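Written out below as structure tokens is the structure these notes cover.
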Number of protein chains: 2
Amino acid sequence: MGKNQPQNKKREALNIPAGRRVTSYDVARLAGVSQSAVSRCFKPGGSASAKTREKVLAAAKELGWQPNALARGLITQRSNIVAVLISGNVNLYYPEVLFALTHRLSEEKLRVMLFTVDSEDDVDPVLDQISQFQVDAVISASHMRREHAERFEETNTPLVFFNRYFEDRSSDVILCDPEPQTRQLVKRLSDQGHSRFAVVSGPATNMVSRTRLRGVRAAVEAEGGTIITEAPGDFTYESGAAALHRLMECTERPTAIVCANDMMAMGLIDEARTVFRLRVPEDLSVTGFDGIATARLASYDLTTIRQPIGRMCDAAVAVLREQLDRPERTYEKRVFEGLLIDGATIGPVPDVY
Amino acid sequence: MGKNQPQNKKREALNIPAGRRVTSYDVARLAGVSQSAVSRCFKPGGSASAKTREKVLAAAKELGWQPNALARGLITQRSNIVAVLISGNVNLYYPEVLFALTHRLSEEKLRVMLFTVDSEDDVDPVLDQISQFQVDAVISASHMRREHAERFEETNTPLVFFNRYFEDRSSDVILCDPEPQTRQLVKRLSDQGHSRFAVVSGPATNMVSRTRLRGVRAAVEAEGGTIITEAPGDFTYESGAAALHRLMECTERPTAIVCANDMMAMGLIDEARTVFRLRVPEDLSVTGFDGIATARLASYDLTTIRQPIGRMCDAAVAVLREQLDRPERTYEKRVFEGLLIDGATIGPVPDVY
DNA sequence: TTGTACGCGTTATCAA
DNA sequence: TTGATAACGCGTACAA
């Protein structure tokens with residue numbers, strides 16, 4: 001075998017030097033038509049007689065030619081590339097979103113250029129890349145400051161936020177607001193006798209975390225319960241485990257712990273079981289947010305509020321498509337409710353209390 | 001706010017119509033130099049006097065200009081895009097590889113175009129996209145038939161296989177062969193009194209699964225044990241759970257079950273604990289392959305063999321870089337050993353047997 | 001070091 | 001429907 005130049009007979013017949021790429025001109029020569037005819041045959045709705053089209057398609061297949069997307073993008077001002085910004089960290093929520101988005105985008109003939117953003121410092125170089133590659137649009141499910149978002153405004157690049165946005169800046173947003181389900185969840189806990197709650201939050205600056213917390217506080221108050229303490233976490237499994245230690249030091253212990261995402265809930269549960277020898281839910285009720293696949297595994301069977309990721313990704317792509325097709329559109333915010341997942345991590349308040 | 005054209009004063013001063021993109025010509029005009037001077041200032045090693053460079057960079061910054069990667073790719077025949085083909089299914093091994101690869105590639109100034117491939121039928125359209133976008137190279141961690149791989153040969157697109165390859169076709173390959181650790185693992189089980197093994201395999205056509213199985217069979221034989229039965233799985237959590245049911249029907253039950261990946265091991269363990277009320281490892285020893293993050297969570301603490309994903313991704317990118325810089329290189333296969341992870345899912349063979 | 005001129009491979013325009 | 005020709009925005013010989 002080895003790495004030789006392709007030995008295509010047709011190439012030789014057309015005198016295409018090895019190493020040079022096959023172009024639409026070559027296809028045109030082989031088909032006996034003009035180059036522009038070839039181009040039209042590959043354009044949806046391009047006018048060409050059945051006979052021409054047949055010849056061209058045959059020739060293209062023969063030579064293994066496909067239109068060069070770079071050249072096409074240069075002239076059409078459309079790269080058909082969408083940048084997806086996502087956190088590369090260990091929260092298993094992100095891969096689920098990423099794969100769902102990729103799937104939906106490919107149905108729209110859009111390609112995903114992937115960027116992982118783990119801190120706000122990562123954003124600037126990523127924005128440079130995005131602008132260099134002339135991406136048609138950006139979906140951001142990661143950190144971003146206002147001034148970053150404004151750079152897209154300047155280049156008229158549609159930007160769709162996924163589960164985050166700026167209160168004081170309009171933009172396209174896909175959101176899950178699980179407030180109704182949060183009330184439902186807290187009510188369920190309250191009905192089971194819980195009144196002393198604790199909360200494990202995400203980063204203080206994180207909007208998702210803040211929204212969830214606000215919902216939990218309101219729901220607990222509505223039920224007449226008390227949030228004894230709020231322990232800070234950072235959405236990681238480890239921070240959930242660490243938070244439990246702080247909660248266990250409270251003189252008056254909580255009987256139900258609401259975590260701002262599933263990863264922390266899982267960490268907290270594992271710590272409760274292995275280190276503190278607490279049974280969940282017999283001794284302690286724990287809940288999460290997100291509804292990631294891992295939290296559904298039988299070892300956790302977490303009671304949580306699922307984000308409808310599939311629908312949200314559908315929406316993100318639909319909004320994006322709309323922005324691409326009608327650039328004068330106004331902004332839109334689509335808010336989805338969550339879905340309460342009935343797991344096995346909450347139960348009646350223990351007698352001992 | 002709203003979606004107005006950018007109101008850049010400099011744009012107006014240069015008479016750049018709204019809607020037209022800023023080009024290197026605009027930068028050149030503003031800097032008072034030629035377009036090629038601008039180009040050179042953005043080329044590493046391009047010759048330009050300090051003064052020129054200063055003016056150009058200032059002008060570029062003023063206009064928010066960045067070189068157009070599409071146009072650059074067209075002329076240089078280098079898109080700086082790498083296609084990553086990965087399975088979009090629920091095996092949590094893939095996101096880990098994907099994020100690690102993305103990280104490494106970005107250090108090489110290469111962008112990731114992501115393609116999810118869940119069955120061999122998905123491959124053809126993906127290959128079309130890949131060839132259209134003139135990607136510089138392809139990393140494949142998903143299904144692919146030989147004829148697919150050959151298409152890359154034809155276009156001289158470097159292809160690096162990640163944990164799979166064709167026996168009868170040379171190519172660049174990054175591989176984890178955990179054979180030594182498999183022996184180690186089986187020996188450890190054997191030392192703890194196990195002699196009746198069961199295996200839960202992956203898809204019969206899957207190379208990774210076949211290799212792992214071969215290793216397990218050899219190791220068990222070497223230790224004088226017996227593989228009582230092999231249950232087929234498909235690398236998913238659910239198939240691991242299902243496999244246990246088949247294994248429990250054996251008249252002579254296995255005491256140690258080796259699963260071909262972590263996801264199945266986790267499914268099997270959960271099923272054992274919740275449905276069959278078996279304790280792991282007291283009643284049953286279970287092991288996996290991969291060493292994914294989820295398997296390390298305290299609820300599982302799986303005994304498994306980790307793939308050195310970080311090193312493997314480093315290697316994949318290094319091999320790819322080599323292919324890009326020296327196209328006449330020959331193929332290379334880099335094989336990494338695994339790392340035995342001492343979890344808590346294996347133990348002495350139970351007395352009752 | 002600098003500028004001129006050309007070409008990368010396509011789509012868009014327009015006259016035929 | 002078809003073909004000639006002009007962009008798209010850049011990198012790069014080559015001459016100055």
Side-chain angles (χ1 to χ4, degrees), chain A residues 14 16-17 19-57 59-60 63-81 131-136 155, chain B residues 14 16-17 19-57 59-60 63-81 131-136 155:
Chain A
L14 286 169
I16 305 177
R20 180 164 85 59
R21 292 181 175 170
V22 175
T23 73
S24 52
Y25 283 96
D26 300 321
V27 177
R29 271 195 297 157
L30 183 57
V33 298
S34 75
Q35 181 269 337
S36 36
V38 174
S39 176
R40 281 193 297 266
C41 288
F42 277 81
K43 175 188 174 175
S47 71
S49 68
K51 200 170 146 196
T52 300
R53 176 156 291 148
E54 191 182 340
K55 281 189 298 182
V56 166
L57 293 183
L63 292 171
W65 178 83
Q66 309 253 109
N68 182 324
L70 269 45
R72 170 184 281 173
L74 197 54
I75 188 74
T76 60
Q77 313 270 63
R78 272 287 171 83
S79 63
N80 289 316
I81 299 176
S131 97
Q132 292 191 18
F133 277 94
Q134 315 290 115
V135 305
D136 289 343
T155 52
Chain B
L14 286 171
I16 305 176
R20 180 164 84 59
R21 293 180 174 169
V22 175
T23 73
S24 53
Y25 283 96
D26 300 321
V27 176
R29 270 196 297 156
L30 182 57
V33 298
S34 75
Q35 179 269 335
S36 50
V38 174
S39 176
R40 281 192 294 263
C41 288
F42 278 80
K43 178 188 174 175
S47 71
S49 69
K51 200 171 148 196
T52 300
R53 175 156 292 148
E54 190 182 341
K55 281 189 296 182
V56 166
L57 293 182
L63 293 170
W65 177 82
Q66 309 252 112
N68 182 323
L70 269 45
R72 170 184 279 172
L74 198 53
I75 188 80
T76 60
Q77 311 271 62
R78 272 289 170 83
S79 64
N80 289 317
I81 299 175
S131 96
Q132 292 191 17
F133 277 93
Q134 315 289 117
V135 305
D136 290 343
T155 52

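Since we're looking at a predicted model, the values are computed, not measured. Chain letters run A, B, ... following the sequence lines, proteins first, then strands; residues in each count from 1.
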- Task: Could you tell me whether Q132(A) contacts a base, only the sugar-phosphate backbone, or nothing, with contacts defined as non-hydrogen atoms closer than 4.0 Å?
- Result: nothing
- Heavy atoms under 4.0 Å, any strand shown: does S47(A) hit a base, just sugar-phosphate, or nothing? base
- Item | Among dT2(D), dG9(D), dT12(D), the one nearest S39(B) by side-chain distance |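 Nearest to the side-chain atoms of S39(B), counting from C-beta on, is dT12(D).
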- Are V22(A) and L14(A) close enough that some pair of their side-chain heavy atoms sits under 4.5 Å apart? no
- Check whether any side-chain heavy atom of R29(B) lies under 4.5 Å from a side-chain heavy atom of I16(B), and answer yes or no. yes
- Roughly how bent is the helix from dT1(C)-dA16(D) to dA16(C)-dT1(D) end to end, in steps of 10 degrees, with each end axis from five pairs? 30°
For the student: nearest non-hydrogen atoms of [X] and [Y], plus distance:
X: V27(A); Y: A60(A); value: CG1-N, 3.8 Å
X: F133(A); Y: I81(B); value: CE2-CG1, 3.7 Å
X: R21(B); Y: D26(B); value: O-OD2, 3.8 Å
X: A48(B); Y: C41(B); value: CB-SG, 3.9 Å
X: A31(B); Y: K55(B); value: O-CD, 3.7 Å

Tell me the interatomic distance from [X], atom [atom1], to [N], atom [atom2], rounded to whole angstroms.
X: R78(B); N: dT12(D); atom1: CZ; atom2: C1'; result: 16 Å
X: Q77(B); N: dT12(D); atom1: CD; atom2: C1'; result: 13 Å
X: F42(B); N: dC10(D); atom1: CZ; atom2: P; result: 10 Å
X: R21(B); N: dA7(D); atom1: CZ; atom2: P; result: 17 Å

- Message: Taking any atom closer than 4.0 angstrom to a non-hydrogen atom of chain A, what span of DNA chain C does the protein reach, first nucleotide to last?
- Response: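 Taking any atom under 4.0 Å from a heavy atom of chain A, the span is dG9(C) to dA12(C).
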- Query: Quick one: on DNA chain C, does Q134(B) or G32(B) contact a more 5' nucleotide (nearest heavy atom)?
  - Reply: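 Here G32(B) is the residue nearer the 5' end.
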- Item | Comparing V38(A) and R53(B) on DNA chain C - which has the more 5′ nearest nucleotide | R53(B)
- Task: Report, as yes or no, whether the 6.0 Å neighbourhood of atom CD on E54(B) holds more than 12 heavy atoms from other residues, nucleotides or ligands.
- Result: no
Under 3.5 Å: donor-acceptor pair, side chain of [X], backbone of [Y]:
X: R72(A); Y: P67(A); result: no
X: S24(B); Y: S39(B); result: no
X: R40(A); Y: S47(A); result: yes

Quick test: give all pairs of protein nitrogen or oxygen and nucleotides 4-6 of chain D nitrogen or oxygen below 3.5 Å, distance rounded to 0.1 Å.
{"residue": "dA4(D)", "atom": "N6", "partner": "S36(A)", "partner atom": "OG", "Å": "3.3"}

